[in-house]
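Bear in mind that the values here come from a model prediction, so they are computed numbers and not experimental data. FYI, the numbering just counts along the sequence from 1.
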Amino acid sequence: MDPLAGESYLSLVTFRKTGREVPTPVWFAERDGHYYVFSESKAGKVKRLRNSSRARVAACGARGAVHGEWHDANATLMDDAAAIEQAHGTIRSKYGLQMRLLDFFASLTGRKAKRAWIEITLDGA
C-alpha cells in the first residue's frame with residue numbers, strides 16, 4: 001500500500017554533510033513504487049543529493065507542516081531522458097492544469113530546461 005496515497009505534497013528531507021536535516025515541501029507523483037520530484041538544478045536539495053542519496057519523506061501541507069509518518073528513503077538524481085519524460089508525465093497526470101501552467105511559464109523563462117529530476121524509493125519497498 002502506498003503510504004503517501006491521496007497526498008499533494010511530501011516533505012523531502014535531505015542531509016547536509018554535517019548530518020543536519022533540511023526539509024522541503026515538494027510536489028510528487030508515484031509510479032510503480034517510486035516517487036518522482038522535480039526541482040531547480042541549483043537548489044540546495046539537489047546539491048545535497050549529489051553528496052548523499054540518504055533521505056526521509058513524510059506527507060505534509062504546502063507550507064511543510066508534516067501530518068504523516070516519516071519514512072527513510074533513497075533519493076537519486078535522474079539522468080535518463082526517457083525516464084525523466086515518464087516521471088514528468090506522471091506528475092502532469094497528477095497535477096493536471098497546475099502542472100501545465102507551471103511548465104508553460106517555466107518554458108518562457110528557461111527554467112524548465114534547468115530542472116533536476118529526483119527518484120525516491122522508500123527503504124524496505
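The salt bridge (Lys or Arg N to Asp or Glu O under 4.0 Å) pairs that include a residue from residues 102-122 are D103-R115, where partners are two or more places apart or lie in different chains. Here salt bridge (Lys or Arg N to Asp or Glu O under 4.0 Å) pairs that include residues 88-98, with residues two or more places apart or in two chains, are E85-R92. Judged as a salt bridge (Lys or Arg N to Asp or Glu O under 4.0 Å), the pairs with a partner in residues 14-39 (not counting sequence neighbours) are, in order, E21-R56.
Within the model, atoms CD of Q86 and CD1 of I91 stand 13.0 Å from one another, a figure rounded to the nearest 0.5 Å. Separation of atoms NE2 (H34) and CG (L122) is listed at 10.0 Å; rounding is to 0.5 Å.
Legend: residues meeting side-chain hydrogen bond (donor to acceptor under 3.5 Å, both in side chains) with D80, ordered by chain and number and at least two apart, are absent. For Y36, there are no ring pair (Phe, Tyr, Trp, His ring centres under 6.0 Å) partners at least two apart in sequence or on another chain. Not counting sequence neighbours, F15 has no partner by the ring pair (Phe, Tyr, Trp, His ring centres under 6.0 Å) test. With sequence neighbours excluded, the residues that form a ring pair (Phe, Tyr, Trp, His ring centres under 6.0 Å) with H88 are W117. With sequence neighbours excluded, no residue forms a side-chain hydrogen bond (donor to acceptor under 3.5 Å, both in side chains) with Y95. Listed by chain and number, the residues in a side-chain hydrogen bond (donor to acceptor under 3.5 Å, both in side chains) with R54 amount to none (sequence neighbours excluded). Taking the side-chain contact (heavy atoms from CB on, under 4.5 Å) definition, one finds that P25 meets it with C60, sequence neighbours left out.
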Acceptor/donor pairs from residues 61-74 side chains to any protein atom, 3.5 angstrom cut, sequence neighbours excluded:
{"residue": "H67", "atom": "NE2", "partner": "E7", "partner atom": "OE1", "Å": "2.9"}
{"residue": "H71", "atom": "NE2", "partner": "E69", "partner atom": "O", "Å": "3.4"}
{"residue": "N74", "atom": "OD1", "partner": "S53", "partner atom": "OG", "Å": "2.5"}

>> Let's go through I118 and M78 carefully: what are the C-alpha distance in whole Å and the side-chain angles of both, what is the deciding distance for side-chain contact (heavy atoms from CB on, under 4.5 Å) to 0.1 Å, and is it a yes or a no?
In response: CA-CA 6 Å; I118 302 165; M78 301 173 68; 5.9 Å; no
>> Determine whether L102 and F38 satisfy the following criterion, side-chain contact (heavy atoms from CB on, under 4.5 Å), listing intermediate values before the conclusion.
In response: CA-CA 12 Å; L102 184 67; F38 65 95; 3.5 Å; yes
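Side-chain contact between D2 and Y35: present, with at least one pair of heavy atoms (C-beta onward) separated by less than 4.5 Å. For the pair F28/I120, no side-chain contact is recorded, criterion being any heavy-atom separation below 4.5 Å from C-beta on.
Inspection of the T24 and K45 side chains reveals no N or O donor paired with an N or O acceptor under 3.5 Å.
Note on L101: it does not cluster hydrophobically with V26, by side-chain heavy-atom contacts below 4.5 Å among ILVMFWY residues. Grouping the Ile, Leu, Val, Met, Phe, Trp and Tyr side chains by contacts below 4.5 angstrom, directly or via other members, places V13 apart from V46.
Scanning both residues, V37 and W27, for their nearest heavy atoms gives CG2-O, 3.7 Å.
At distances below 3.5 Å, not a single donor-acceptor pair connects side-chain atoms of S52 with backbone N or O atoms of L49.
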